[in-house]
Number of protein chains: 2
Amino acid sequence: MREAVPIHRIVVEARELFREYGYEGASMRDLADRVGLRPQSLYTRFPSKESLVREVLALTLDDTLAGLPDPATDARGAWRTLIGRIAETFEARGRCVGLHLAYGVTAQTPDAQDAVRSFFARLRDAMAEILEAGKAPEPASVAADTLAQLEGATLWITTEGDMGPLRHAVERALYVGDLGAEPR
Amino acid sequence: MREAVPIHRIVVEARELFREYGYEGASMRDLADRVGLRPQSLYTRFPSKESLVREVLALTLDDTLAGLPDPATDARGAWRTLIGRIAETFEARGRCVGLHLAYGVTAQTPDAQDAVRSFFARLRDAMAEILEAGKAPEPASVAADTLAQLEGATLWITTEGDMGPLRHAVERALYVGDLGAEPR
DNA sequence: GTCTATAACAAGATAGAC
DNA sequence: GTCTATCTTGTTATAGAC
């Protein structure tokens, strides 16, 4: 009897595929190959390819937000850690799964579309909460703008391997999160 | 004998499909349906689906840059017109074809990948040229950052229909292009 | 240039044995 | 939980008539 493949492993590999190839470009066959299963065996763990989107984004949100410093006592540290995590992932992987899925899922997969919307809304809200705890003005708007700038910078990583725009986006992000800290 | 379908029409419809569904998600059958042809007839006009990427992006670059004010005599006007065109397209269509293709084409379609890289490099260079004519500092870097910020803002249009981040990105873009104009 | 017909293949998903 | 086998559909692309 063969060792059962951990579900976490499947979701992690699915994330790699979605990030690199997008929703349409990722196939259940490729995923099965990566985890050493037959394609059909995936369907005993997940009802459909579409359902993988929610799993992938739930894992990613958890990776991003778990164990952050408490915004109430260390808003600046929470902000810097969060921005750092996002930027590190973009640098290491070259792109964002969430953005690829945001562009890649359509009304034909409404559950996946909802999962994407929910993912970004939660991430933005977590960012806004930190900014608010740090007494930054317009936290919701600034959170959305900051996330957009980080995401947009992945364009240059993907097309040219240029990390410059991401680094600039990180600098701007750290600056807006510094309000309330000692003056510079 | 039936009227021949203009090639421009096919490329325009291909652009809509690529923008909405991405490279993998767009099918030659869908494209054929849109222009009123059989899928097979497309192959007398284009050697492959991959070749459409270059055509679509060439058309888009032309739409974006054609007839701009001369940067040498009106850098501020050229910049404002260019940013306005990009932003209008993003607002009207909700997303950017170029970004969808940047994420969506892989090493398996190297010609398409090169077309995407070339598209963004040319657009950035055109923006940098305008900034340089307007005596803005670090034109190449600022051009790349500006384009990244506009692109990133489409995340919120796609997921939530929120135009706020795009409008903020436009404001920042117009600000950096105002250097050299009368002080504010 | 467009058509009909078809090739050659890969996709997501299901049934039932072990 | 994983397997073999199979179904159904959709994909890009080609051959040849008109």
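Quick note on labels: first sequence line is chain A, next is B, and so on, each numbered from 1. Everything numeric here is computed off the predicted structure, so don't read it as measured data.
Here dA11(C) presents its P atom at 18 Å from CD of Gln108(A), a figure rounded to the nearest Å. Per the geometry, CZ belonging to Arg29(A) stands 19 Å off P belonging to dT11(D), to the nearest Å.
Arg38(A) meets the side chain to side chain donor-acceptor pair (under 3.5 Å) test with no other residue; sequence neighbours excluded. Judged as a side-chain contact (heavy atoms from CB on, under 4.5 Å), and not counting sequence neighbours, the contacts of Arg172(A) are Gln149(A), His168(A), Ala169(A), Asp145(B), Gln149(B). For Asp74(A), the salt bridge (charged side-chain N to carboxylate O under 4.0 Å, His left out) test picks out no residue, with sequence neighbours left out. For Glu91(B), the side chain to side chain donor-acceptor pair (under 3.5 Å) partners at least two apart in sequence or on another chain are Arg167(B). Annotation: side chain to side chain donor-acceptor pair (under 3.5 Å) contacts of Thr158(A) (sequence neighbours excluded): none. Phe119(B) meets the ring-ring contact (aromatic ring centres under 6.0 Å, His included) test with no other residue; sequence neighbours excluded. Applying the side chain to side chain donor-acceptor pair (under 3.5 Å) rule to Thr89(A) yields no partners; only residues at least two apart in sequence or on another chain are considered.
Residue pairs meeting the salt bridge (charged side-chain N to carboxylate O under 4.0 Å, His left out) criterion with at least one member in residues 119-134 of chain B, sequence neighbours excluded, are Glu160(A)-Arg124(B). Within the structure, ring-ring contact (aromatic ring centres under 6.0 Å, His included) pairs that include any residue of residues 19-49 of chain B comprise Phe18(B)-Tyr23(B) (at least two apart or interchain).
Annotation: proximity of residues 42-49 of chain B to DNA chain D (heavy atom, distance under 4.0 Å) is found for Tyr43(B), Ser48(B), Lys49(B), numbered in ascending order. Contacts of residues 17-26 of chain B with DNA chain C (heavy atom under 4.0 Å): none.
A sub-4.0 Å separation between OP1 or OP2 of dT11(D) and a side-chain N or O of Ser27(B) is present.
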Please write out each protein N/O paired with an N/O of nucleotides 4-9 of chain D under 3.5 Å, distance rounded to 0.1 Å.
residue, atom, partner, partner atom, Å
dA5(D), N6, Gln40(A), NE2, 2.7

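Between the side chains of Asp30(A) and Ser27(A), at least one donor N or O lies within less than 3.5 Å of an accepting N or O.
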